2 protein chains.
Amino acid sequence: MTETRVERKERTRRALLDATLTLCEDSSLVALSLRQVTKEVGIVPTAFYRHFDSLDDLGLALVDESFVSLRAMLREVRSSDPTFRDIVDRSVDILVTHVHQQRQHFEFIVRERAAGPLPVREAIRHQVELAERELATDLARMPGTEPWSASDLRVLSTLIVGAMVSTAEAILVAAGRLDLEREVAETARTQLRMVLVGALNWTSRA
Amino acid sequence: MTETRVERKERTRRALLDATLTLCEDSSLVALSLRQVTKEVGIVPTAFYRHFDSLDDLGLALVDESFVSLRAMLREVRSSDPTFRDIVDRSVDILVTHVHQQRQHFEFIVRERAAGPLPVREAIRHQVELAERELATDLARMPGTEPWSASDLRVLSTLIVGAMVSTAEAILVAAGRLDLEREVAETARTQLRMVLVGALNWTSRA
DNA sequence: CGTTTCGGTGTACGTCTGTACACCGAAACC
DNA sequence: GGTTTCGGTGTACAGACGTACACCGAAACG
């Protein structure tokens with residue numbers, strides 16, 4: 001019955017991460033104090049340092065675990081049938097589902113991406129860049145992309161990732177109102193189709 | 001020689017706005033204290049209330065003046081020759097120029113859009129929505145857009161505005177390194193062209 | 001010229017901040 | 001079973017925070 005020591009430590013660590021996600025739901029990491037977090041968890045302020053060097057450090061941990069779930073999402077998209085028409089519908093569905101399931105993580109990333117502590121911003125930027133690169137190599141495997149240059153592939157994947165980030169933001173703003181969300185999803189689908197139509201009619205230039 | 005009283009007041013007001021823009025360059029409004037701002041300006045904390053009710057209030061003023069300059073930019077784009085090919089080049093040039101000239105304002109908007117105080121976020125979202133609507137009506141006047149539905153126009157303008165926001169963010173991240181900026185600009189041009197190719201080959205559905 | 005207006009001052013408060021330091025008690029270890 | 005390890009405690013302090021209040025001096029006003 002007695003909890004092992006590492007289990008207990010892991011449990012408070014999780015509590016710190018969760019409390020931080022909850023507390024910065026309507027502000028930002030940079031506006032959060034160590035004392036607020038520890039009070040929410042129910043430990044004394046100085047105990048915080050048994051787990052993290054600083055709030056920035058905790059922020060980096062949150063970035064890591066956010067992108068673990070995000071990568072799971074991307075893998076799911078990638079395992080879809082590679083047919084252009086319904087890859088759009090499935091991708092948007094998967095995005096909507098994951099934003100709901102991991103709402104706090106997505107909110108965290110969207111906020112701290114622009115306004116977080118510098119190391120956190122850099123970590124997020126790096127992860128987004130990795131996602132763009134992965135998408136570019138995926139696109140290269142799809143039929144019809146043979147005439148594209150490597151640079152065009154990067155440009156297209158940057159555009160798509162950007163549109164998906166915007167869509168995620170819009171879903172978060174919709175905040176669960178189903179009619180708004182349906183509208184956002186429909187917009188995202190149309191945007192993706194427009195972009196794909198553009199890409200298929202695209203011819204790289206030297 | 002003696003400065004009139006309203007002039008003097010306006011001068012400190014400006015100083016407060018400028019100090020705030022500078023101070024939240026690497027954090028956010030929500031992480032800023034009234035005392036930091038007044039110290040930077042060189043007045044006593046309580047004097048702040050002679051100008052604004054709160055930091056949020058000051059933030060709303062910054063949103064307003066940021067979008068004044070942004071609207072100036074959009075007007076400049078709109079006055080361009082409405083030919084698809086070089087409207088892209090000119091739009092991106094104008095965007096790059098304005099991001100440089102109004103660097104602090106763009107940084108402010110990009111940050112507070114996602115992480116600012118709630119009223120500030122809402123004000124920014126509203127202004128962006130206005131910009132999207134204006135772009136949609138502009139697009140409707142361009143040749144070749146006759147077969148598009150109103151909803152397609154909105155979807156396209158949302159996509160373009162989103163891409164431009166991403167581009168502005170990328171320029172700010174490039175932080176003046178000329179080679180990076182050229183790359184960002186080139187990416188933005190290609191993205192816009194891809195989107196326009198997609199749009200021109202687009203046929204609205206019921 | 002006397003009076004009012006008002007941007008800015010200075011003091012004072014209770015609260016919250018990060019963190020230093022000494023300490024505890026039980027799980028973990030040999 | 002004695003010792004070590006270590007997550008969590010409690011006290012303590014110097015500084016920053018928002019803001020209430022009484023006040024000043026000069027421009028603005030009649």
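Note that this is a predicted model, so its numbers are computed, not measured. Here is the naming used below: chain letters follow the sequence lines, and residue numbers restart at 1 for every chain. When reading the values below, keep in mind they use all heavy atoms of this one structure, side chains included, and skip hydrogens, waters and symmetry mates.
By the 6.0 Å contact criterion, NE2 on B:His126 is open, its count of non-hydrogen atoms from other residues, nucleotides or ligands being 12 or less. With a 6.0 Å radius and a threshold of 12 heavy atoms from other residues, nucleotides or ligands, A:Glu25 has its CD atom above the threshold. The number of heavy-atom neighbours closer than 6.0 Å to CD of A:Gln101, taken from other residues, nucleotides and ligands shown, is above 12.
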Throw together a table of side-chain donor-acceptor distances under 3.5 angstrom for residues 34-44 of chain A, partners on residues two or more places apart or in other chains.
| residue | atom | partner | partner atom | Å |
| --- | --- | --- | --- | --- |
| A:Gln36 | NE2 | A:Ser33 | OG | 3.3 |
| A:Thr38 | OG1 | A:Leu34 | O | 3.2 |
| A:Thr38 | OG1 | A:Arg35 | O | 3.0 |

Would you list the atom pairs, donor with acceptor, under 3.5 Å between side chains in residues 68-77 of chain A and any protein atom, with sequence neighbours excluded?
| residue | atom | partner | partner atom | Å |
| --- | --- | --- | --- | --- |
| A:Ser69 | OG | A:Ser66 | O | 2.8 |
| A:Arg71 | NH2 | A:Gln127 | OE1 | 2.6 |

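A pairwise comparison of heavy atoms in A:Pro119 and A:Leu60 identifies O-CD2, 3.6 Å as the closest pair. The heavy-atom pair separating B:Ala170 from B:Val184 by the smallest distance is CB-CG1, 3.8 Å. For the pair A:Arg103 and A:Ala175, the tightest heavy-atom approach, listed with the atom from each and the gap, is NH2-CA, 3.7 Å.
Here the nucleotide nearest the side chain of A:Leu34, chosen from C:dG8, C:dG18, D:dG18, is C:dG18. Ranking C:dT9, C:dG18, D:dG10 by closeness to the B:Ala47 side chain, first place goes to C:dT9.
Counting to the nearest Å, the C1' atom of C:dC6 and the OH atom of B:Tyr49 are 18 Å from each other. Rounded to whole Å, the distance from CD1 on A:Ile43 to P on D:dG7 is 11 Å.
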Check nucleotides 13-16 of chain C against the protein and report each pair of N or O atoms closer than 3.5 Å, with its distance, or say if there are none.
none

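For the segment residues 52-64 of chain A, no residue has any heavy atom less than 4.0 angstrom from an atom of DNA chain D. Residues from residues 7-29 of chain A lying near DNA chain D, meaning a heavy-atom separation below 4.0 Å, are A:Lys9, A:Thr12 in numerical order.
Put simply, the side chain of A:Asp89 reaches to within 4.5 Å of the side chain of A:Arg193, judged on heavy atoms. Contact annotation: the side chain of B:Thr145 never approaches that of B:Leu156 to less than 4.5 Å [non-hydrogen atoms, C-beta and beyond]. Residues A:Glu186 and B:Val155 fail the side-chain proximity criterion, which asks for heavy atoms closer than 4.5 Å.
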- Can you check each nucleotide of nucleotides 20-30 of chain C against protein heavy atoms at under 4.0 Å and return B for base, S for sugar-phosphate only, - for none, in 5' to 3' order? BB----BBS--
- Item | Verdict with reasoning, B:Arg113 to B:Val165, per side-chain contact (heavy atoms from CB on, under 4.5 Å) | CA-CA 11 Å; B:Arg113 187 174 79 98; B:Val165 169; 3.9 Å; yes
- Query: When you look at B:Arg13 and B:Arg50, which way does the side-chain contact (heavy atoms from CB on, under 4.5 Å) test go after all the steps?
  - Reply: CA-CA 9 Å; B:Arg13 192 187 131 98; B:Arg50 304 290 184 198; over 6 Å; no
